[in-house]
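As structure tokens, the structure follows; a few thoughts come after it.
Heavy-atom basis, side chains included; hydrogens, waters and symmetry copies ignored. Not measured: the values here are computed from a predicted model.
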Amino acid sequence: MRKLLFESLIRVPLTERAPPRSDAAMEELAAAIDNAARRHLGHSLSIRAVDAGSCNGCELEMHALSNAFYDIERFGIRFVASPRHADVLLVTGPVTKNMREALERTYNATPGPKWVVALGDCARDGGCFAGSYAVVGGVSAVIPVDLHIPGCPPSPPDILKGLLALLEHVTMGARTS
């Protein structure tokens, strides 16, 4: 133990280099989402994340949006703790029997206009968990889904592209009606 302590004091820590910060495409994408949200909603986009029984792969990618590299909060996109403050429900995983009622209650507590995004392959149709005695199915088996973002898990840029597609579709629908 003593040897390990002394070696750790002498050795330089092993760390990875930080990724390059000048990702202009990511900044443009996040700015486009913010502009579309403000144009349609009049305020920034608020997202309520709901884990309906996933393996947490999609949550890791979703939470990466808030880390120092992506930092979507600087563009006005934020995750909220209450469905009463949300515009979008971002649902991950297949809906388990234990989470069915909680998902329905969360959907009912979200004020309109509201949109539901099924994040990942499991949220679409149950993925590798489909057919299990504990799984109801995909998100659309319980609540209406407006957008599905494919992947196992989808990357943070894919999540942002999906949110932008949702907002542009909603904006286009508001213009035509």
Side-chain angles (χ1 to χ4, degrees), residues 1-38 43-99 102-103 106 115-130 132 134-135 138-139 147-167:
M1 182 62 135
R2 180 189 247 172
K3 180 181 175 184
L4 288 175
L5 178 63
F6 287 127
E7 286 178 2
S8 66
L9 291 173
I10 296 171
R11 262 193 254 146
V12 178
L14 297 174
T15 58
E16 294 181 16
R17 293 179 187 249
R21 188 68 175 136
S22 63
D23 191 5
M26 185 59 61
E27 290 183 15
E28 286 179 28
L29 182 60
I33 292 172
D34 186 42
N35 291 337
R38 290 183 189 279
H43 58 83
S44 60
L45 187 64
S46 300
I47 301 170
R48 171 67 173 132
V50 180
D51 179 354
S54 75
C55 68
N56 291 330
C58 293
E59 280 81 11
L60 290 173
E61 298 299 317
M62 180 178 51
H63 291 301
L65 292 171
S66 296
N67 70 19
F69 182 70
Y70 294 104
D71 191 20
I72 61 167
E73 187 106 5
R74 66 188 158 144
F75 299 108
I77 305 165
R78 59 194 173 102
F79 287 95
V80 293
S82 172
R84 290 181 173 82
H85 301 143
D87 303 310
V88 174
L89 291 179
L90 196 58
V91 186
T92 60
V95 181
T96 61
K97 290 181 180 179
N98 291 341
M99 285 299 294
L103 181 59
T106 302
W115 300 281
V116 176
V117 176
L119 182 63
D121 293 339
C122 292
R124 180 184 63 229
D125 58 6
C128 63
F129 304 104
S132 169
V135 173
V139 177
L147 175 71
H148 174 255
I149 301 174
C152 185
S155 66
D158 290 340
I159 297 170
L160 289 176
K161 288 175 188 173
L163 291 174
L164 180 60
L166 174 72
L167 288 171

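Leu119 pairs in a side-chain contact (heavy atoms from CB on, under 4.5 Å) with only one of the listed residues (Glu59, His148, Glu61, Met62), which is Met62. Across Val95, Thr106, Thr92, a single residue satisfies side-chain contact (heavy atoms from CB on, under 4.5 Å) together with Val50, and that is Thr106. With respect to Leu147, the side-chain contact (heavy atoms from CB on, under 4.5 Å) criterion is satisfied by exactly one of Val88, Leu90, Leu166: Leu166.
Counting all heavy atoms, side chain and backbone alike, Ile159 lies closest to Pro154 at CD1-O, 4.1 Å. In terms of heavy-atom proximity, Leu65 sits nearest to Pro156 at CD2-CB, 3.5 Å. Scanning all heavy atoms of the two residues, the minimum distance from Gly120 to Cys58 falls at CA-SG, 3.9 Å. Taking both residues in full, the closest heavy atoms of Ser54 and Pro94 are given as CA-CD, 4.2 Å, listed atom of the first, atom of the second, then distance. The minimum heavy-atom distance between Gly162 and Ile149, with the atom names listed, is CA-CD1, 3.9 Å.
Between the CZ atom of Arg84 and the OG atom of Ser46 there is a distance of 15.0 Å, given to the nearest 0.5 Å. A distance of 13.0 Å separates CG in Leu160 from CD in Glu28, rounded to the nearest 0.5 Å. How far CG of Asp51 is from CE of Met99: 6.5 Å, rounded to the nearest 0.5 Å. Interatomic distance, CD1 of Ile72 versus CG of Leu45, reported as 8.5 Å (0.5 Å rounding). Note that the CG atom of Leu163 and the CD1 atom of Ile77 stand 6.5 Å from one another [nearest 0.5 Å].
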Just do the side chain to side chain contact (heavy atoms under 4.5 Å, CB included) check on Phe129 and Thr96 with the steps written out, would you? CA-CA 10 Å; Phe129 304 104; Thr96 61; over 6 Å; no

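Of the possible polar contacts, none joining the Asp121 side chain to the Pro150 backbone as a donor-acceptor pair under 3.5 Å is found. Remark: side-chain polar atoms of Asn67 are paired, donor with acceptor, to backbone N or O of Ala64 under 3.5 angstrom.
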